[in-house]
Amino acid sequence: MSIGPELIWDVKAELGEGPVWDATRACVWFVDIKGRKLHRYDPADGGKASWDTPDQTGFALPAEDGSLICGLRGGLHRFDPDNGAFELIQRVEEDRPQNRLNDGFVGPDGTLWFGSMDDSEETLSGALYRWRAGELTRHDDGYRVTNGPALSPDGRTMYHHDTTERRIYAFDHADGFLTNKRLFAITEDGFADGPSVDAEGVLHVGLFNGWGVARFSPAGDRIGTIRLPVQTVTKAAFGGADLRDLYCTTAWLGNADKRAGQPTLGGLYRTRVETPGLPQARVRL
């Protein structure tokens, strides 16, 4: 069950994505991919800050040195919140210039996982990558729009989506390697967007054009939906001191004609949930 939701920042993101809880700073980071913005929200005082990004940015995830590792088109960048500077640290997909990076996730061991996608959402040129200790590995391929991944509490199952196909896949995960790819679930009432997992292993999936967040049991059964007042929910991530605040990014991309009836499309929402999420790991550099 949930309490809410509450609009906490009417940021009007064209494609809000990637909310992540930064426990050290007690804040939420998220991006507007198409708007080329990085945003920070401070729940203690409602403080808001924004930075321009050099290109479309699919994710911004806290690293062990206090910086953020950002997935920009063409590569991974280190972002310094103190001076606002972006520094390229790893080129990605120089052979696929039509692609950009999309959603990302940090495993408990500090490994960075992320996906790529065709920016026009036409070809199956998206892939799933692992970046660990400066080494980049492609683990899966042939996606139109990647989202995720996310990891089960025991670390044995990784989830990754092909959004336009509404398909959620599961892999067996061990020691940073993936095997046994299989169909986990299909989202019939919206496109499967960014995922997060709670402490009981329930997968929370943003529903693009589905008016909320779908909840799936570890067995793949649909067990509920957290409803939002806007139709394009891109991702939900757990935060707050007790990890029971669910922060949801939204977007007006593809629904500009709906903004008169849904003026808060693109806003950042928060709702309280009963089961906490998992602690947010930091990228190991």
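Worth saying up front: this structure is predicted, and the values here are computed from it rather than measured.
With hydrophobic clusters built from ILVMFWY side chains whose heavy atoms lie under 4.5 angstrom apart, Val31 does not share a cluster with Leu88. No path of Ile, Leu, Val, Met, Phe, Trp and Tyr side chains, each step under 4.5 Å between heavy atoms, connects Leu76 with Phe105, placing them in separate hydrophobic clusters. Under a hydrophobic clustering in which Ile, Leu, Val, Met, Phe, Trp and Tyr are joined whenever their side-chain heavy atoms come within less than 4.5 Å, directly or via other members, Val20 and Phe86 fall into the same cluster. At a threshold of 4.5 Å between side-chain heavy atoms, the hydrophobic network of Ile, Leu, Val, Met, Phe, Trp and Tyr places Val106 and Leu136 in one connected group. No path of Ile, Leu, Val, Met, Phe, Trp and Tyr side chains, each step under 4.5 Å between heavy atoms, connects Leu128 with Met117, placing them in separate hydrophobic clusters.
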Take Asp242 and Arg272 through the side-chain contact (heavy atoms from CB on, under 4.5 Å) test and state the conclusion after the steps.
CA-CA 10 Å; Asp242 60 1; Arg272 287 287 286 174; 2.8 Å; yes
Applying salt bridge (charged side-chain N to carboxylate O under 4.0 Å, His left out), run through Asp172 and Arg182 and close with a yes or a no.
CA-CA 9 Å; Asp172 292 341; Arg182 58 201 180 272; 3.1 Å; yes
When you look at Asp52 and Lys37, which way does the side-chain contact (heavy atoms from CB on, under 4.5 Å) test go after all the steps?
CA-CA 5 Å; Asp52 293 327; Lys37 292 284 187 180; 2.4 Å; yes
Output, in order, the C-alpha distance, side-chain angles, deciding distance and verdict of side-chain contact (heavy atoms from CB on, under 4.5 Å) for Val273 and Asp198.
CA-CA 10 Å; Val273 295; Asp198 71 16; over 6 Å; no
Please walk me through it: do Ile168 and Thr187 pass side-chain contact (heavy atoms from CB on, under 4.5 Å)?
CA-CA 8 Å; Ile168 302 170; Thr187 54; 4.1 Å; yes
Let's go through Phe79 and Trp51 carefully: what are the C-alpha distance in whole Å and the side-chain angles of both, what is the deciding distance for ring-ring contact (aromatic ring centres under 6.0 Å, His included) to 0.1 Å, and is it a yes or a no?
CA-CA 10 Å; Phe79 170 75; Trp51 292 262; 5.5 Å; yes
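Between the Arg215 side chain and the Thr225 main chain, no donor and acceptor come within less than 3.5 Å of each other. Between the side chain of Thr234 and the main chain of Gly16, a donor-acceptor pair closer than 3.5 Å is present. At distances below 3.5 Å, at least one donor-acceptor pair connects side-chain atoms of Ser196 with backbone N or O atoms of Ala236. Looking at Arg270, its side chain never comes within 3.5 Å of a backbone N or O of Ile8 through a donor-acceptor pair. Asp55 places no side-chain N or O within donor-acceptor distance of the main-chain N or O of Leu72, the cut-off being under 3.5 Å. Looking at His161, its side chain never comes within 3.5 Å of a backbone N or O of Tyr159 through a donor-acceptor pair. Here the side chain of Thr250 pairs a donor or acceptor atom with the backbone of Gly267 at under 3.5 angstrom. Between the side chain of Asp65 and the backbone N or O of Ser67, at least one donor-acceptor pair lies under 3.5 Å. Side chain of Thr163 to backbone of Ala192: a donor-acceptor contact under 3.5 angstrom is found. In this structure a side-chain-to-backbone donor-acceptor pair under 3.5 Å is present from Gln262 to Gln231.
The salt bridge (Lys or Arg N to Asp or Glu O under 4.0 Å) pairs that include a residue from residues 150-171 are Arg144-Glu165, where partners are two or more places apart or lie in different chains.
Salt-bridge annotation for Asp119 and Lys34: present, with a side-chain N of the basic residue lying under 4.0 Å from a carboxylate O of the acidic one. Between Asp22 and Arg40, no side-chain nitrogen of the basic residue sits less than 4.0 Å from a carboxylate oxygen of the acidic one, so the salt-bridge criterion is not met. Salt-bridge annotation for Lys235 and Glu17: absent, with no side-chain N of the basic residue lying under 4.0 Å from a carboxylate O of the acidic one. With salt bridges taken as basic N to acidic carboxylate O contacts below 4.0 Å, none links Asp32 and Lys12.
For Asp118 and Ser125, the side-chain atoms include no donor-acceptor pair closer than 3.5 Å.
Contact detail for Cys248 and Leu228: the closest heavy-atom pair is CB-CD2, 3.9 Å. Of all heavy-atom pairs between Pro81 and Arg25, the closest is CG-NH2, 3.5 Å. Closest approach of Arg222 and Asp189 over heavy atoms only: NH2-OD2, 2.8 Å. Here the closest heavy-atom approach between residue Pro43 and residue Ala26 is recorded as CD-O, 3.4 Å. The two residues Val145 and Thr164 make their nearest non-hydrogen contact at CG2-CG2, 3.6 Å. Considering every non-hydrogen atom in both Leu203 and Pro195, the closest pair reads CD1-CB, 3.8 Å.
Within the 4.5 Å cutoff, no side-chain heavy atoms of Phe184 are placed close to those of Thr157. Looking only at side-chain heavy atoms (C-beta outward), Leu38 and Thr57 stay at 4.5 Å or farther from each other. In this structure the side chain of Leu151 never reaches within 4.5 angstrom of the side chain of Val197, judged on heavy atoms. By the 4.5 Å heavy-atom criterion applied to side chains, Asp103 and Asp193 are not counted as neighbours.
Geometric assessment of Arg138 against the ring of Tyr129 yields a negative cation-pi assignment under the 6.0 Å and 45° thresholds.
Just one of Tyr247, Tyr41, Phe59, Trp9 meets the ring pair (Phe, Tyr, Trp, His ring centres under 6.0 Å) condition when paired with Phe30; it is Trp9.
For Arg78, the CZ atom sits in a packed shell: over 12 heavy atoms of surrounding residues, nucleotides or ligands are nearer than 6.0 Å. Environment of CG in Asp175: sparse, with no more than 12 heavy atoms of neighbouring residues, nucleotides or ligands closer than 6.0 Å.
Taking CZ of Arg282 as the reference point, atom CD1 of Ile69 lies at 10.5 Å (rounded to 0.5 Å).
Relative orientation of the Tyr169 and Tyr143 rings is perpendicular, given thresholds of 30° and 60° on the angle between their planes.
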